[in-house]
Amino acid sequence: MRQCFTLRAPVTVLQGVGEKKAQAFARLGIETLGDLLCHFPRDYEDRSHVLPIAAVPAGEAACIRAMAAGEARLTRVRRGMELVRLRAVDDTGAVEITFFNQSYRKDQFRTGETYLFYGRIEHNGARRTMTNPEFEPADAAGQVTGRLVPVYPLTAGLSGRMLSAAVRQTLDGCAEVPDALPEPVRAACGLCPAREAFEQIHFPTDLAAVSRARERLIFEELFVLAAALEQLRGQRAAQPGVRYTQTDLSAFFAALPFAPTGAQRRAIAQAADDLCSGRAMNRLVQGDVGSGKTLVAAALAYLTQQNGLQAAFMAPTEILAAQHFETLSALLAPLGVRVGRLTGSMTAAEKRRARQALAAGETDLVVGTHALISGDVTFARLALVIADEQHRFGVGQRAALAAKGRQPHVLIMSATPIPRTLALMIYADLDVSIIDELPPGRQKVDTFAVDSSYRPRLEAFIRKLVGEGRQVFVVCPAIEENETLATPLRSAVEHARALSETFPELRVGCVHGKMKPKEKDAAMAAFVSGETDILVSTTVVEVGVDVPNAALMIVENAERFGLSQLHQLRGRVGRGSHKSYCVLCSDAKGETARARLRALCKTSDGFRISEEDLRLRGPGDFFGARQHGLPAMHIAGLCTDTRVLQQAQQAARAVLARDAALQAPENAGLRRRIEALFAARAQTFS
C-alpha cells in the first residue's frame with residue numbers, strides 16, 4: 001500500500017531518511033517535503049545522447065555505450081588508496097575506466113556485459129581514460145543515463161542520486177500537490193499545473209519541458225509574493241491618518257539658502273498630498289548618497305508644525321542624530337519651528353526637560369535615537385514619524401515610535417539605491433518617492449581599484465593629503481584577523497595598529513561594531529571634530545556620517561563587499577569643498593571580482609550600480625543578512641525575471657480586485673500560501 005504524504009510532513013517520513021541524513025537535508029534548508037520539492041536543480045547534464053568512444057572530444061563529459069572487456073581489477077597503490085580498473089570497448093575503440101577508493105565496484109561488472117557510462121574522457125596519446133563515471137547496465141538504463149539528469153546544490157552526506165530518490169518518493173507519495181495559482185490565472189497565462197511543473201523540473205523528459213516547468217514555478221513564486229504584498233498594501237491604505245489642512249510651503253522654500261532640485265520638489269509634493277488625503281502616509285524616500293533627502297523631512301516637519309502637530313525624526317546613531325539636529329535646526333528654527341533633541345548620551349536633567357517639552361507640546365520636531373521609543377517618552381500630538389536609514393531599524397522599533405501617536409504618518413528615508421523593480425517588491429506596502437538628482441556642486445569622487453603593489457604609493461598619497469589638512473577613512477571587512485580564509489582579511493584592529501607604526505606622526509583612530517556605544521561615539525566624534533587624521537573602521541561608517549574634511553576613502557579587501565555597500569562607503573567622502581578620492585584595495589585574482597570593482601570605478605550612479613549588484617549577488621545579499629525581509633527566492637530572480645514579475649503583479653492585483661479576502665474557492669490555495677508566508681515572517685509583515 002502506497003504511503004500518502006502531505007508537503008508539510010518532515011523529510012524523516014521518507015524511507016531511508018534517518019537522523020543523520022535529515023541533518024544533511026537541514027543544512028540545505030530542507031526540513032519538510034515541501035522544502036524538498038522546492039530545492040530545485042541548478043543545472044542539468046544531458047546524458048540522453050550516446051557517443052562512440054572515438055567521437056568523444058578530449059576533456060568533455062559524455063555518455064558512451066561499452067562492453068566490459070575483462071574482469072575489473074583491484075589494486076592497492078598505498079595505504080588509503082585503492083584503485084578499481086576496467087577496460088571497456090565499443091566498435092570504435094577502448095577506454096580505461098578507474099574508480100578511486102571504491103573497491104566494491106570490482107564485483108559490479110561482468111565480462112561481456114554492456115554498460116552505459118557517463119563521465120569525462122581524457123586523451124593520453126592514443127589512450128583514453130575515464131575516472132569515477134556514473135554507470136548502469138545498458139538493459140536497465142534510465143536512472144543515471146539515457147536522460148536529462150538534474151544537478152542539485154549539495155552538502156556533505158548527500159549525493160545527487162540520494163536527493164533525486166527522495167524527491168521521487170515525495171512525488172509518488174503525495175496524493176495532492178497544492179496549487180497556489182487560481183485556475184483562471186493559470187489558464188490565462190498558459191501555465192502547466194503544479195504537479196506537472198514539479199515532475200518536469202526534477203525529472204524532465206526534455207529541455208522544452210524544463211523551460212515550461214521553470215516558467216510556471218517562477219510565475220507562481222512571484223505571484224504569491226506580489227499578492228501577499230498587495231493585500232498588505234490594501235490593508236494599510238485603508239488606515240485613517242491625521243488630515244493636514246495647512247499645505248502652503250511658499251515660506252519654507254523662500255527661506256532656503258539654495259534652490260531645491262526638481263526631484264526634491266517632486267518628493268515633497270507627493271508626501272504633502274499624502275498628508276492631506278486623510279489616509280495614513282507610508283512613504284519611502286529613496287535617494288543616492290548626498291541627494292538631499294533631509295530637505296524632504298524638513299519640509300514635512302514644517303507642514304506638521306503649521307498644522308499644530310508634532311513630528312519625530314529617528315536616526316540610528318548619536319552622531320547622526322546630532323548632525324540632523326544641527327541641519328534641521330538651521331533650516332527650521334528661523335521659521336518658528338521648535339526643534340528639540342533626545343538621545344541616550346544626554347544628562348538625566350537634559351532628558352527630563354526634553355521629555356517635558358514633548359509632553360507639553362512645546363517641541364514641534366524632536367530629533368533622536370532609540371531613546372525616542374523608551375516608555376517614559378510621551379507626545380502631546382505626534383502626527384509624523386520620520387525614520388532615517390530605515391534598514392538599520394527593525395520593524396518593531398519603527399512601530400514602537402508610531403504607537404506614540406494616533407496612527408501617525410510615516411516617512412522612511414534610505415540612501416541605499418535600489419532598482420525600481422526590487423523597490424516595488426520590498427516596499428510594496430509603501431509609496432515610493434525617488435530622488436534621482438544630485439544638488440549642484442556635489443563633488444565627484446575619483447575611484448581607483450589597486451592591488452598590493454600600489455601600497456607604497458598609497459601611503460605617500462595619505463601623507464600628502466593629511467599634510468594638506470585633509471582626513472582619511474580606512475575601512476576593513478573584519479574586526480579581528482581571520483586565519484581560516486584563503487585570503488587573510490585585514491582586520492580593523494590590526495590595521496589601525498599597523499598604520500600607527502607606518503605613520504607615527506599621524507593620529508590614527510579605530511572604530512568597530514564590537515565597541516561599546518559610548519566608545520564608538522567618542523571615536524567617531526574625534527574624527528568629526530578633526531582630532532583624528534585617519535579613522536580605521538568596519539562598515540559602521542557606511543551610514544550617513546558627515547565629515548566634510550575627509551577627502552580619501554580606502555577600502556581594504558574590497559572584493560568582500562557588495563557594490564552598493566562600496567558605493568555607500570564612497571559616499572562618506574566628497575561631502576565638502578575638497579577634491580576627494582576612493583581607493584579599492586584588492587588582490588583578488590578572479591575576473592568576476594575585478595570586473596565588479598572596475599564597474600564601480602566607471603560610474604557614480606547609485607541606481608546603475610544597484611542594478612549590477614542585484615544581478616551579481618541577488619536580493620539575499622543586497623542589504624546583507626537579508627535585512628529587507630523578503631523570503632528567499634527558490635527559483636525566481638527579482639532582477640532577471642522582471643517581465644514575469646510585472647505580469648505576476650498585474651495578475652495578483654486583478655485577483656485581489658475581485659476577491660480582496662481571497663474567499664472564493666479557486667483562491668483557497670493562494671490564501672493558504674499567503675497565510676503561511678505571513679506566519680513565517682510575522683515581524684517583517686507586522
Side-chain angles (χ1 to χ4, degrees), residues 229 232-233 236 260-275 281-301 313-316 320 324 327 384-395 398 409-439 442 542-544 546 562-572 575 603-615 617 619 621-624 626-630 638-639 642 645-646 649 684:
L229 294 171
L232 189 64
R233 184 187 184 91
R236 291 188 176 169
T261 64
Q264 286 173 315
R265 284 184 176 272
R266 185 172 63 246
I268 290 169
Q270 289 168 342
D273 286 346
D274 292 342
L275 299 179
M281 175 177 74
N282 278 290
R283 182 168 291 276
L284 168 75
V285 175
Q286 184 197 12
D288 210 341
V289 176
S291 60
K293 297 177 294 299
T294 308
L295 184 68
V296 180
L300 301 190
F313 187 114
M314 188 160 66
L320 278 173
H324 282 306
T327 301
L384 173 65
V385 170
I386 303 166
D388 186 31
E389 294 299 342
Q390 71 85 24
H391 66 281
R392 297 283 163 154
F393 293 106
V395 174
R398 296 202 305 271
H409 300 285
V410 177
L411 182 78
I412 291 168
M413 305 199 304
S414 176
T416 304
I418 306 167
R420 186 165 185 83
T421 52
L422 184 57
L424 291 173
M425 288 300 284
I426 294 173
Y427 303 116
D429 59 314
L430 301 173
D431 296 304
V432 180
S433 293
I434 293 179
I435 302 181
D436 51 9
E437 296 174 60
L438 290 181
R442 175 75 177 162
E542 180 185 342
V543 174
D546 195 0
L563 288 183
S564 292
Q565 201 173 25
L566 289 171
H567 180 61
Q568 289 286 300
L569 291 170
R570 175 168 61 182
R572 296 306 101 222
R575 302 175 81 84
T603 182
S604 57
D605 184 331
F607 289 95
R608 279 181 56 194
I609 289 165
S610 70
E611 291 278 4
E612 181 70 5
D613 205 16
L614 179 62
R615 186 183 68 79
R617 306 208 309 160
D621 291 322
F622 200 74
F623 295 98
R626 294 202 172 276
Q627 285 166 311
H628 52 72
L630 278 181
L638 289 173
C639 185
T642 50
L645 169 59
Q646 290 165 355
Q649 286 176 312
T684 299

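Atom set for the values below is all heavy atoms of this structure, side chains included, hydrogens, waters and symmetry mates excluded.
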J.: Can you tell me how far the NE2 atom of His567 sits from the OG1 atom of Thr603, to the nearest 0.5 Å?
T.: 8.0 Å
J.: When rounded to the nearest 0.5 angstrom, what is the spacing between CG in Asp431 and CD1 in Ile412?
T.: 11.0 Å
J.: Calculate, to the nearest 0.5 Å, the distance between atoms CD1 and CG belonging to Ile434 and Leu284 respectively.
T.: 8.0 Å
J.: Tell me if a side-chain donor or acceptor on Gln264 pairs with a main-chain N or O of Leu295 at a distance below 3.5 Å.
T.: no
J.: Can you find a side-chain donor-acceptor pair between Asp388 and His324 that sits under 3.5 Å?
T.: yes
J.: Looking at every heavy atom in both Ile435 and Ala267, which two are closest together, and how far apart are they?
T.: CG1-CB, 4.2 Å
J.: For Ala271, check side chain to side chain contact (heavy atoms under 4.5 Å, CB included) against everything at least two apart and list the hits.
T.: Met281, Arg283, Leu300
